[in-house]
Amino acid sequence: MRLRRILTAAFAAAGLVVAFQTPVSAAPVSYYVALGDSLARGYLPGQGDTDQGYVDRLYTTLKAKNPGLELVKLGCSGETTVTLIDGTRCSYPDGSQLAAATKFLTEHRGQVAYVTLDIGGNDVKGCAAGGSVDFACVAKVVVKVPANLQKIASEVRKAGGAQPAYAGMTYYDPFLASWLTGGESLARQSVLLLNAINGAESLVYAINFFRVVDVSATFATNDFTTKVGDLPLNVSRLCAWTYMCSQGDIHPNVTGYQQIAAAFAKKF
C-alpha cells in the first residue's frame, strides 16, 4: 500500500492519473451433471442430439444464478435403466453412463451443484403397441424399472454426497396421440401404464432424496376432462409440445423441452 501511495503521488506530480484496480476474482467453478436418455441429450427428429433440450435450457437458467456453473452432459439417446448400468447402448471411457457419472461425482465431490436424471421411458415403450396395452409387459416393467432405478439413484447419491441438489422426472404419455385416430381406449389404457411407472419411479426418487419433477402433471397427462377445442387437454398438450401427433416421434419440440426445463427450474 505504501508503494502504491508513493507511485500515485509521483504520477500526480507529473500530471498523470493512474487508477489502481484490485483484480476481480473469477466465479468459483461448480458443475451441473445431467444424466438420462434422449431427452437429456436434447434429441430432435431430423437433427439428432442437439443443444436445444431441457438440459441445455435448464443450464442457461441455472448459470444465470451461478456464473461459474459448467455443464457435464452424460445422457445417451436410447438409454434404458438396464443399459445405463451396463453400458451396452453408448460408449463411455469408464464403461457405462452410471460409471462415468459416479466417477465424475466422486472426483469433483463438493463442486457439483445440480444433478438431473430422466430414465425409464425406453423400458416402457414396447408395452403399448398394436392398439392395446400389454399388461403382462407392464407387470414386468413395474418390477424391473424401479429395481434398476434404485441402483442408479443410490449410487449417484453415494458418489455425489449431500451437497448437490438432485432431481428426477416423471414422463408424459406419447401414446395419447392414438386418440386422434380413434384409439381412445388405448389412450386411456396407456395413461394407466404411465401412472404405474411414474408412481414407482417417484417413490424411488423420494427414497434417495431426489426432488421429483412431475413432467406428467406439466403435460396434464391425466386430464381427459378439460377440453381444448375438440381435444382433451392431455392430448392437446402432447400434440403442441411433441412431434408425436405430427410425425409419430415421441420427442418434445423446442416448446416441450422448455416446458420440461421450467418444471425442473421450479425445483431448484
Side-chain angles (χ1 to χ4, degrees), residues 31-45 47-59 71-105 112 114-129 137-138 140-160 166-175 193-194 197-198 200-202 204-205 208 210 212-213 215-216 242-244 249-252 256-257 260-261 264:
Y31 298 98
Y32 162 27
V33 179
L35 311 173
D37 53 28
S38 56
L39 301 189
R41 292 301 306 175
Y43 182 92
L44 290 169
Q47 299 182 49
D49 297 341
T50 75
D51 61 357
Q52 299 298 309
Y54 83 83
V55 164
D56 308 279
R57 295 168 183 274
L58 177 61
Y59 171 59
L71 175 60
V72 180
K73 196 173 177 182
L74 296 178
C76 163
S77 290
E79 198 86 288
T80 67
T81 59
V82 174
T83 63
L84 193 148
I85 295 168
D86 68 21
T88 55
R89 175 69 187 183
C90 290
S91 177
Y92 294 88
D94 301 294
S96 70
Q97 185 177 165
L98 179 58
T102 55
K103 180 180 180 181
F104 185 90
L105 290 167
V112 178
Y114 309 98
V115 178
T116 62
L117 172 62
D118 70 272
I119 197 68
N122 291 318
D123 298 72
V124 180
K125 65 181 183 181
C127 292
C137 173
V138 173
K140 293 178 182 178
V141 169
V142 169
V143 173
K144 179 184 72 173
V145 168
N148 292 338
L149 183 59
Q150 172 60 29
K151 177 177 176 62
I152 294 164
S154 62
E155 291 193 13
V156 166
R157 176 84 188 192
K158 181 180 179 181
Y166 299 87
M169 62 167 267
T170 62
Y171 282 90
Y172 54 89
D173 181 5
F175 296 104
L193 159 65
L194 189 73
I197 299 301
N198 280 340
E201 287 206 341
S202 294
V204 174
Y205 284 135
N208 290 282
F210 277 61
V212 179
V213 180
V215 169
S216 178
T242 77
Y243 291 96
M244 192 65 189
D249 189 289
I250 66 173
H251 294 93
Y257 276 128
I260 297 172
F264 268 97

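Values reported hereafter were calculated over all heavy atoms of this structure, with side chains retained and with hydrogens, waters and symmetry mates removed.
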N/O donor-acceptor pair under 3.5 Å between [X] side chain and [Y] backbone:
{"X": "Asn122", "Y": "Glu79", "result": "yes"}
{"X": "Thr170", "Y": "Val215", "result": "yes"}
{"X": "Tyr171", "Y": "Gly121", "result": "yes"}
{"X": "Tyr31", "Y": "Val115", "result": "no"}
{"X": "Ser154", "Y": "Gln150", "result": "yes"}
{"X": "Asp249", "Y": "Pro45", "result": "no"}

At what distance, to the nearest 0.5 angstrom, does [atom1] of [X] lie from [atom2] of [Y]?
{"X": "Tyr92", "Y": "Lys103", "atom1": "OH", "atom2": "NZ", "result": "14.5 Å"}
{"X": "Thr81", "Y": "Glu201", "atom1": "OG1", "atom2": "CD", "result": "8.0 Å"}
{"X": "Asn208", "Y": "Glu155", "atom1": "CG", "atom2": "CD", "result": "10.5 Å"}
{"X": "Leu117", "Y": "Arg157", "atom1": "CG", "atom2": "CZ", "result": "13.5 Å"}
{"X": "Cys90", "Y": "Leu74", "atom1": "SG", "atom2": "CG", "result": "11.0 Å"}
{"X": "Asp123", "Y": "Asn148", "atom1": "CG", "atom2": "CG", "result": "7.0 Å"}

> How far apart are the C-alpha atoms of Thr83 and Cys76, what are their side-chain angles, what is the distance that settles it, and do they pass the side-chain contact (heavy atoms from CB on, under 4.5 Å) test?
Replying inline: CA-CA 10 Å; Thr83 63; Cys76 163; 5.9 Å; no

> Under the ring pair (Phe, Tyr, Trp, His ring centres under 6.0 Å) test, which residues partner Phe210, sequence neighbours left out?
Replying inline: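 Applying ring pair (Phe, Tyr, Trp, His ring centres under 6.0 Å) to Phe210 gives Tyr166, Tyr205.
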
> Can you name the residues that form a ring pair (Phe, Tyr, Trp, His ring centres under 6.0 Å) with Tyr114, not counting sequence neighbours?
Replying inline: Phe268

Taking the side chain as C-beta and beyond, is there a heavy-atom pair between [X] and [Y] under 4.5 Å?
{"X": "Val112", "Y": "Phe104", "answer": "yes"}
{"X": "Gln97", "Y": "Ile119", "answer": "no"}
{"X": "Tyr43", "Y": "Asp37", "answer": "no"}
{"X": "Thr242", "Y": "Pro174", "answer": "no"}

>> Once salt bridge (charged side-chain N to carboxylate O under 4.0 Å, His left out) is applied, do any residues pair with Asp51, and if so which ones, sequence neighbours excluded?
In response: none

> Can you check side-chain contact (heavy atoms from CB on, under 4.5 Å) on Tyr54 and Val213, steps first, answer last?
Replying inline: CA-CA 12 Å; Tyr54 83 83; Val213 180; over 6 Å; no

Could you report the tightest heavy-atom contact between [X] and [Y], atom names first, then the distance?
{"X": "Thr102", "Y": "Ala159", "value": "O-CB, 3.6 Å"}
{"X": "Cys127", "Y": "Leu193", "value": "CB-CD2, 4.2 Å"}
{"X": "Phe175", "Y": "Lys125", "value": "CZ-O, 3.4 Å"}
{"X": "Ser202", "Y": "Val212", "value": "OG-CG1, 3.6 Å"}

> Can Val142 and Ile197 be said to form a side-chain contact (heavy atoms from CB on, under 4.5 Å), step by step?
Replying inline: CA-CA 6 Å; Val142 169; Ile197 299 301; 3.6 Å; yes

Partners passing side chain to side chain contact (heavy atoms under 4.5 Å, CB included) against [X] (at least two apart in sequence or in another chain):
{"X": "Leu71", "result": "Tyr32, Ala34, Val55, Asp56, Tyr59, Lys73"}
{"X": "Ser96", "result": "Leu98, Ala99"}
{"X": "Arg57", "result": "Gln52, Val254, Tyr257, Gln258, Ala261"}

